[in-house]
There are 2 protein chains.
Amino acid sequence: MGSKKGVSSRDVAREAGVSQATVSYILNNVETVKIRPETREAVLSAIKKLNYHPNQIARGMKLKKSMSVGVVTDRNVTNFYFMKTLEGIRDALMKHNYSITLLFNRSEDHADGEFIEYYSSNRIDGIIFAFASLDDSSLEYMKERNVPFVLVDTLPSGKDVHEVYTDHLNRITEVVSHFVSKGAGKIGYVGPLKSRNDGRVEALRQALERKGVPLDERYIVLCSINDEDMSGSISSLFELSRCPDAVLAGSPRFGFYTLKRALEHGLKVPDELMVTVLGSSNYHNLSHPALSAVEVPLYQMGFEAARVLIELMGGKEVEKKVVLPSELVIRDSS
Amino acid sequence: MGSKKGVSSRDVAREAGVSQATVSYILNNVETVKIRPETREAVLSAIKKLNYHPNQIARGMKLKKSMSVGVVTDRNVTNFYFMKTLEGIRDALMKHNYSITLLFNRSEDHADGEFIEYYSSNRIDGIIFAFASLDDSSLEYMKERNVPFVLVDTLPSGKDVHEVYTDHLNRITEVVSHFVSKGAGKIGYVGPLKSRNDGRVEALRQALERKGVPLDERYIVLCSINDEDMSGSISSLFELSRCPDAVLAGSPRFGFYTLKRALEHGLKVPDELMVTVLGSSNYHNLSHPALSAVEVPLYQMGFEAARVLIELMGGKEVEKKVVLPSELVIRDSS
DNA sequence: GTGAAAGCGCTAACAC
DNA sequence: GTGTTAGCGCTTTCAC
């Protein structure tokens, strides 16, 4: 078992000829206690010599903290979103010595999310929900017990919670302007069913109205996120006697599908059909043509969420809503 | 702080009118000690009543285990691979009450990987490297100290370690057979630089020889994994006086790029150029045409890796190599 | 079949 | 400026 087995702060103390307390003071840079330089030296070199690593479990035991944050996502989460966000979360947490415990939202075994169980058993000190659906009962439960938690998603949840999201609905105005400036008269939307509730369709309607273009309901295609549904529903758009000139896709996946179906129907993109996507993907540059998109700052969203959570866990008051800027990136598809 | 603050096994014991030891025996189903049914009942109902959750930190302290496994990946990991594998890892770990601590391979701050630090400070009991590069010095370090660890990747590492990978090089024979059966005479390869070392190019060469087709070096394109390099290098393939009829792409990303460049050069896929990919992706069905691919069993790979690690952490002897079957899935691109 | 008590490695109040 | 000491909440040996 090598060096791992034994070395404790007691060993370090003995080696350096001081008490365990002194070692602890030095390790934790306790402000209120002054250590003589030579003592500090002795301890530090003993630490080096013995290859001592403070046992975080013991530390957690004493402090009643696990120094870990649960990051919850849905199993079917968009991988790219999650991983990029995770990087931001991690970088923010690392500075404060917090680790990431990965949790999935609802497994077969835990009807109400294992995050509650993990929090109750002191395995995590706080929770970040990243693109995860969160039901009201869990939410209530957490509020009652003052569980520190933060939501990250592209859109606001509409709930009274700490959360980080983007302004990418506001970018839809720019998308429409771009479409119109390129001569599009008929503008459609393709996206998931919930687009009507979460403001995506509404944002498009308003942007169109501002341009004096009415929203034509026939050009709105909403469907569930599985290959058959998407495939069929989207095709129907191109079977209309008069196809739209431009389509806003509610997510990258919908964008790729729209592109694919359009090409199969013999439409030239962007000449006969423009496509722009709401959201980021690793593959926008790899489609033919490359997809224009409203890109979201995933890394920063993760970073900010972690920052807010850390404050929360420290018992501080923090702003409830953090909104980060998205950016319209025009590529070849519009 | 609600129920979280207080309830300990001592409280449960008091409530049930038994000792702390008894509570522990019941909770851990200790075989060697028989509990009277009514005692058990009393304790269980006290647990319910008080909403008691054993403190995992305290438990870890006593057992000298954190009950968490570090899962390490590179920052630039292919998201889809990682997330799918993670699901398998998680399902295997959950049964044994292990949690996942997510780690990245080399941050700016930890030259030699934070996984060593995490292990040394008892934050994790073992490590899974998922599609992560692992340098020899870290490897030696871990072997010396008997750190339990397992590698998961699509190809074998060639090192004497516990690892899980696929046989997807063997599927290349099938890929070639398919190409040839469809009339391809000139077969090329597009992939990352390391393809020559990790056996991908070699496997193709052998598969071709078995079909009596020589490997034409001009049809081998190797380049680094960034947009400019891939873009340029792959295009060169289609600027040859005689283009290949079929291309094996070393990874999904290379496959998408090949497709894109081919279409840009006016080639019809699959009629004038067939493309098949080594590896899995969420987007194979979304390209136009849909990409044929040798799909790898990511979930199972994760599950098996976790299984092996658990045995290892339990001090058991385990098989060093686990090879899982891949599958050639023909879609529209070949 | 159950309980008393020791101790895991750390932190922090208090004593000197 | 540094040491002594009392736990944190659990598991487990040993006694009854």
Side-chain angles (χ1 to χ4, degrees), chain A residues 1 3-44 46-47 50-67 97 119-123 125, chain B residues 1 3-44 46-47 50-67 97 119-123 125:
Chain A
M1 285 295 182
S3 88
K4 194 208 166 184
K5 206 180 56 209
V7 198
S8 75
S9 71
R10 191 212 217 67
D11 299 321
V12 173
R14 190 158 22 212
E15 172 77 21
V18 299
S19 80
Q20 248 186 317
T22 308
V23 177
S24 175
Y25 293 144
I26 292 174
L27 247 63
N28 297 302
N29 286 313
V30 179
E31 302 284 343
T32 58
V33 65
K34 304 256 163 258
I35 303 285
R36 249 190 303 125
E38 49 268 45
T39 312
R40 167 171 271 115
E41 267 319 309
V43 169
L44 290 179
I47 287 175
L50 299 179
N51 188 26
Y52 166 68
H53 294 262
N55 183 327
Q56 293 290 339
I57 302 257
R59 187 158 195 275
M61 167 117 198
K62 184 72 199 178
L63 301 181
K64 299 181 154 201
K65 308 212 301 174
S66 63
M67 294 312 283
N97 197 30
Y119 183 77
S120 302
S121 54
N122 278 277
R123 291 177 96 152
D125 298 333
Chain B
M1 285 295 179
S3 89
K4 193 205 168 189
K5 207 181 52 209
V7 198
S8 75
S9 69
R10 192 212 217 67
D11 300 321
V12 174
R14 189 159 24 216
E15 172 77 22
V18 299
S19 79
Q20 244 186 322
T22 306
V23 176
S24 175
Y25 294 145
I26 292 174
L27 247 63
N28 296 301
N29 285 313
V30 179
E31 302 284 344
T32 57
V33 63
K34 304 258 162 258
I35 304 284
R36 247 190 306 123
E38 49 267 46
T39 314
R40 164 170 274 116
E41 266 321 309
V43 169
L44 291 179
I47 287 176
L50 300 179
N51 189 25
Y52 166 68
H53 293 263
N55 183 326
Q56 294 291 336
I57 302 255
R59 188 159 196 275
M61 166 117 197
K62 186 72 199 174
L63 300 182
K64 299 184 154 195
K65 307 213 299 176
S66 63
M67 293 312 284
N97 198 30
Y119 184 77
S120 303
S121 54
N122 278 276
R123 291 176 97 153
D125 299 332

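Every chain is numbered from 1 and lettered A, B, ... according to where its sequence line falls, protein lines coming before strand lines.
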Anything under 3.5 Å between a protein N or O and an N or O of nucleotides 1-3 of chain D, put it in a table, one pair a line.
residue : atom : partner : partner atom : Å
D:dT2   : OP1  : A:R36   : NE           : 3.4
D:dT2   : OP1  : A:R36   : NH2          : 3.0
D:dT2   : OP1  : A:T39   : OG1          : 2.3
D:dT2   : OP2  : A:R36   : N            : 2.7
D:dG3   : OP2  : A:S19   : N            : 2.7
D:dG3   : OP2  : A:S19   : OG           : 3.3
D:dG3   : OP2  : A:T22   : OG1          : 2.6
D:dG3   : O6   : A:Y25   : OH           : 2.9

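Contact between A:A46 and A:A16 at its shortest, heavy atoms only, is CB-CB, 4.0 Å. Closest approach of A:R59 to A:N28, counting heavy atoms only: NH2-OD1, 3.1 Å.
Note: OH (B:Y52) to P (D:dG9) measures 10 Å, nearest angstrom. In this structure, the CZ atom of B:R59 is 17 Å from the P atom of C:dG9, given to the nearest Å. Distance B:K64 NZ to D:dG9 C1': 17 Å, rounded to the nearest Å. Nucleotide C:dC10 holds its P atom 12 Å from the NE2 atom of A:H53, rounded to whole Å. Per the geometry, CE belonging to A:M61 stands 14 Å off P belonging to C:dA12, to the nearest Å. A:N97 places its CG atom 14 Å from the P atom of C:dC10, with the value rounded to the nearest Å. Across the protein-nucleic acid pair, B:N28 atom CG and D:dT12 atom P stand 7 Å apart, rounded to whole Å. Between the P atom of D:dT11 and the CD1 atom of A:I57 lies a distance of 13 Å, rounded to the nearest Å.
Within the model, atoms CD1 of B:I47 and CG of B:D11 stand 12.0 Å from one another, a figure rounded to the nearest 0.5 Å. To the nearest 0.5 angstrom, A:M61 atom CE is 10.0 Å from A:N122 atom CG.
Residue B:L63 is in sugar-phosphate contact alone, with no base atom involved, counting any heavy-atom pair closer than 4.0 Å across all strands shown. Counting non-hydrogen atoms under 4.0 angstrom, A:S9 reaches the backbone sugars and phosphates but no base.
Looking only at side-chain heavy atoms (C-beta outward), A:V18 and A:Y25 stay at 4.5 Å or farther from each other. Between A:S66 and A:R123, the closest side-chain pair of non-hydrogen atoms is not below 4.5 Å. At least one side-chain heavy atom of B:L44 sits less than 4.5 Å from a side-chain heavy atom of B:I26.
Contact of A:K62 with D:dG7 (side chain to base): a donor-acceptor pair of N or O atoms is detected under 3.5 Å.
Distances shorter than 4.0 Å separate none of the side-chain N or O atoms of A:N122 from OP1 or OP2 on D:dG9. Between C:dG9 and A:S8, no contact under 4.0 Å exists linking OP1 or OP2 to a side-chain N or O.
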